[in-house]
Amino acid sequence: MQRPDTLSLNDAFSPEDFRKTGHALIDQLADYLFHSQARTQTTVLPSIDPEEMLQRWDADFMASGDSNFTQLISNVLSDSNNLQDPRYIGHQCCPPLPLAALSDLVGNLINNASAVYEMGPVNVAMERQLIRWMAGLAGWKDNADGVFTHGGTIGNLTALLAARQAMTDYDIWTEGVRHDKRLAVLVSEQCHYSIKRAVAMMGLGEDAVYLIPTDDTYHITQRGLSLQFAKAISDGRRPFTLVANGCSTATGSYDDLEMAAAFCSNNKLWLHVDGAHGASVLLSPEYRHRLRGIERADSFVWDAHKMMMVSALATAVIFREGVHSYEAFSQNASYLFEAHARDEWYNYAHRTVECTKAMIGLKLYVPLKVYGTDLFKNHIETTHKLAESFADLLRLSDDFQLAVEPESNIVCFRFIPKDVSDLNSLQAELRCRVLQSEKFYIVQTMLKEGLWLRVTLIHPLTTLDDLKDLLNHIRELAIS
Ligand SMILES: *Cc1c(COP(=O)(O)O)cnc(C)c1O
């Protein structure tokens, strides 16, 4: 059939066309999933440089479109990183559950963008229930509360804003930061960069960040904490918050939260736990002890787009005393206003940086309801055990070295063949070659002893054989 020159808006919104195109799309994506899991889709991430990529995606938009949807999507799939391939073991981005992706599709079509109840009633209710459920897993009571936000970076910022207002005796939102009371934040030196960025964005200056040194296994220590606390005081600052990792990005190390909580209560500090990656262990009876002490924290963030198998972005920011969630963006700290805002718990705009906000709750709520929590528990336990087995494998080999015992599903290691003097350059070079081969996606990280290769075992179908293949692949690349 001849295409009409200009598609009418009626046709663009045609339910029948949606049905047809949609069915074909699902077939296309199901094939993609099949090939990804079979590892026959040889490209885990395409080795295309940014300039070339620009050429492939031109901006020659015609008055009437000239591209075929199926073909265009096919090109998107082949030029994109393939997180659904079990050999994608790079960053902490997960292959979303297909059911979560379908739920997201629903959210995208109905688009009940929901910073206020009136605009997205179901999603607001789902987010409220999810936050309470997540808080309950941390051992918190009914007065815990929080919000969903677009990512851990904004989540950490939200928590620190609330912490600062809660720990200060004047209205920072209205007055701004008083310069005679310089504040400080104690932060594990292994913290994600979003913490420093949050502190700087809050107008405190990056100098307000006091980095707590970590031990050989990348955990903060009591001694390091005391030293940096004392240093901040002697610099004329008032520390108000400690940010601990649960777990850290680079090595997946969990700080001792019981020690951190005791230190905070002795020194009147707010304890914020960055659980962006690691809070999901709360679902596993076997691994939840890693977060022992979180019940005494004041706030934590939890990224569902990392270990909960939903697409980016879906972050919960949770406060043990839920009323503090109203202090992050309080334009008037008077309790009158807060009481009013609290009556409107369902209008999240009081408590989020965003105005229009995606239906974040939906894509997490639906799989939890349909599949139940065991699936998530199994995912945590499978990936953590795989990390332990991979660590065993590395320890037993004489040409690889393990950085630290994994406490999560993140493993750092390096290739140490005999007669190599510059180990750092070797790792960087090998990683480049792995990426050029398009067979695996791995990343690298700078640790105390230099540069290491790093994997995040976040795909539920990655096996130990995949990891053996990775090591052999690296060995081959080293001699080629
Ligand atoms: C991923 C991560 C973040 C950042 O979260 P985004 O969702 O990427 O913004 C913060 N902290 C830790 C520990 C992380 O692993």
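Atoms within a ligand are numbered from 1 in the order they appear, just like the ligands themselves.
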Partners meeting salt bridge (Lys or Arg N to Asp or Glu O under 4.0 Å) with R288 (sequence neighbours left out): none
Output block, N or O contacts of ligand 1, threshold 3.5 Å exclusive:
unit_1   : atom_1 : unit_2 : atom_2 : d
ligand 1 : 5 (O)  : G152   : N      : 3.4
ligand 1 : 5 (O)  : D303   : OD2    : 3.3
ligand 1 : 5 (O)  : K306   : NZ     : 3.4
ligand 1 : 7 (O)  : G152   : N      : 2.7
ligand 1 : 7 (O)  : D303   : OD2    : 2.9
ligand 1 : 7 (O)  : H305   : NE2    : 2.8
ligand 1 : 9 (O)  : G152   : N      : 3.2
ligand 1 : 9 (O)  : T153   : N      : 2.9
ligand 1 : 9 (O)  : T153   : OG1    : 2.7
ligand 1 : 11 (N) : D274   : OD1    : 3.2
ligand 1 : 11 (N) : D274   : OD2    : 2.6
ligand 1 : 15 (O) : Q92    : NE2    : 3.2
ligand 1 : 15 (O) : T249   : OG1    : 3.2
ligand 1 : 15 (O) : K306   : NZ     : 3.1

Would a line drawn from the ring center of H324 to the ring center of W270 be shorter than 6.0 Å? yes
H384 and Y287: aromatic ring centres closer than 6.0 Å? yes
Quick one: list whatever passes side-chain contact (heavy atoms from CB on, under 4.5 Å) with L451, sequence neighbours left out. N424, Q427, A428, Q444, M446
Taking the six-membered ring where the residue is Trp, are the ring centres of F263 and F229 under 6.0 Å apart? yes
The salt bridge (Lys or Arg N to Asp or Glu O under 4.0 Å) partners of R454 (sequence neighbours excluded) come to none
